[in-house]
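Okay, so here's the structure we're looking at.
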Amino acid sequence: MQWKNGDTTNGQVVAGGNGQGNRLNQLNGPSAVLIDEETDSLIICDFGNRRVVRWSRRSGITQGEILIDNIDCIGLAMDEQRNLYVSDNWNSAVRRYKLGENSGTVVAGGNGQGAGLNQLNNLYYLFVDRDHSVYVSDNYNQRVMKWEKGAKEGIMVAGGQGAGDALTQLNSPNALFVDTLGTLYVAESESCRVTRWTRGAKQGTKIVGGNIAGAGANQLNRPIGVSFDRCGNLYVADSMNNRVQRFSIEKDL
């Protein structure tokens, strides 16, 4: 769906909308989407169909095209060179793809399911910074891992202290955002909050939610998505409330 800024009642379908299925004009549980400005298209992790598809935003286009097939994907990211990074949950790995290729290169994990620094366990969402470091929400390990370019193992940058609501812990980390200072923002679905972790910090700071699951203006209910705009506004996909919330917080982009 596309929603113009300021209009909360009139969204427009820009991909799918033809029922759940695996035809090229259908999606099945899309879990992540990004905009490829060079081709004016959407790139979508079509989770239920185990594929990544591209859907042009030009008028008259009524179906997508498959970019990557047969991958157990949830998270998706793109760097400035237009390489795609896709979570390959079946193989506990993150793969990097050049557009047009269907056999990516492992850039994080790939050493079996586990809690070692070279392993991941049920990876969800991704973020790639300007240095091509890959941040991964390592959901079952209750941590966020950073894999620098070319690294053989990751660095734990948040959580890793078991599931919980303490500020040293994460509780089901989902989508991530990392700013230019290396500050990490994490949507925690089970703690119903977004936390901020500065570079090198041993604990996070609650910036949104964490006030028991609910539908109030200061509450979230299973947040799974997080992003910022250029003005520093925070957007949270508040899944069980079926809404997107915008918050103004202090932040350096």
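Quick note: residue numbers are just sequence positions, from 1. Values below: every heavy atom of this structure, side chains too, minus hydrogens, waters and symmetry copies.
Under 3.5 Å, the side chains of Ser189 and Asn174 contain a donor-acceptor pair of N or O atoms. Side chains of Arg50 and Asn22: a donor-acceptor N/O pair is absent below 3.5 angstrom, by distance only. Checked by atom type, the side-chain pair Asp7/Thr9 shows a donor-acceptor distance below 3.5 Å.
In Glu80, the CD atom is crowded: over 12 heavy atoms of neighbouring residues, nucleotides or ligands sit closer than 6.0 Å. Under a cut-off of 6.0 angstrom, the local environment of CG in Asp40 is crowded, with over 12 non-hydrogen atoms contributed by other residues, nucleotides or ligands. Crowding of Trp90 atom CH2: a count of heavy atoms from other residues, nucleotides or ligands under 6.0 Å not exceeding 12. For Phe247, the CZ atom counts as densely surrounded, since its 6.0 Å shell holds more than 12 non-hydrogen atoms of other residues, nucleotides or ligands. Residue-environment remark: CE (Met240) stays at or below the threshold of 12 foreign heavy atoms within 6.0 Å.
The side-chain heavy atoms of Thr62 and Asn25, taken from C-beta on, include no pair separated by under 4.5 Å. The shortest side-chain heavy-atom distance between Val94 and Trp147 does not fall under the 4.5 Å cut-off. Residues Val186 and Tyr135 have side chains not in contact (no heavy-atom distance under 4.5 Å, counting atoms from C-beta outward). When side chains are defined from C-beta on, Leu24 counts as touching Ile66, because their heavy atoms get closer than 4.5 Å. The closest side-chain heavy-atom distance from Tyr85 to His132 is below 4.5 Å. At least one side-chain heavy atom of Tyr97 sits under 4.5 Å from a side-chain heavy atom of Ile68. Leu123 places none of its side-chain heavy atoms less than 4.5 Å from the side chain of Ile74. Looking at heavy atoms from C-beta onward, Val226 lies out of side-chain contact with Tyr235 at the 4.5 angstrom threshold.
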Side chain to side chain contact (heavy atoms under 4.5 Å, CB included) assessment of Thr195 paired with Tyr185: CA-CA 6 Å; Thr195 50; Tyr185 297 79; over 6 Å; no
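In this structure, Arg82 pairs ionically with Asp36, as a charged nitrogen and a carboxylate oxygen lie closer than 4.0 Å. Between Arg95 and Asp88, at least one side-chain N (NZ, or NE/NH1/NH2) sits under 4.0 Å from a carboxylate O, which counts as a salt bridge.
Proximity of the aromatic rings of Phe127 and Phe177 is defined here by a centroid distance below 6.0 angstrom, and this criterion is met.
Side-chain N or O atoms of Asp238 include none that pairs as donor or acceptor with a backbone N or O of Arg243 at under 3.5 Å. A distance-only check finds no donor-acceptor pair linking the side chain of Gln245 to the backbone of Val236 [under 3.5 Å]. Formation of a donor-acceptor pair under 3.5 Å by the Asn139 side chain with backbone atoms of Pro173 is found in this model.
The cluster map of Ile, Leu, Val, Met, Phe, Trp and Tyr, joined by side-chain heavy atoms under 4.5 Å apart, puts Leu220 and Leu176 in the same cluster. Follow the hydrophobic side-chain contacts under 4.5 Å out from Met78 and you reach Ile71 in the same cluster.
Annotation for Asp229 and Asn233: closest pair OD1-N, 2.9 Å, computed over non-hydrogen atoms.
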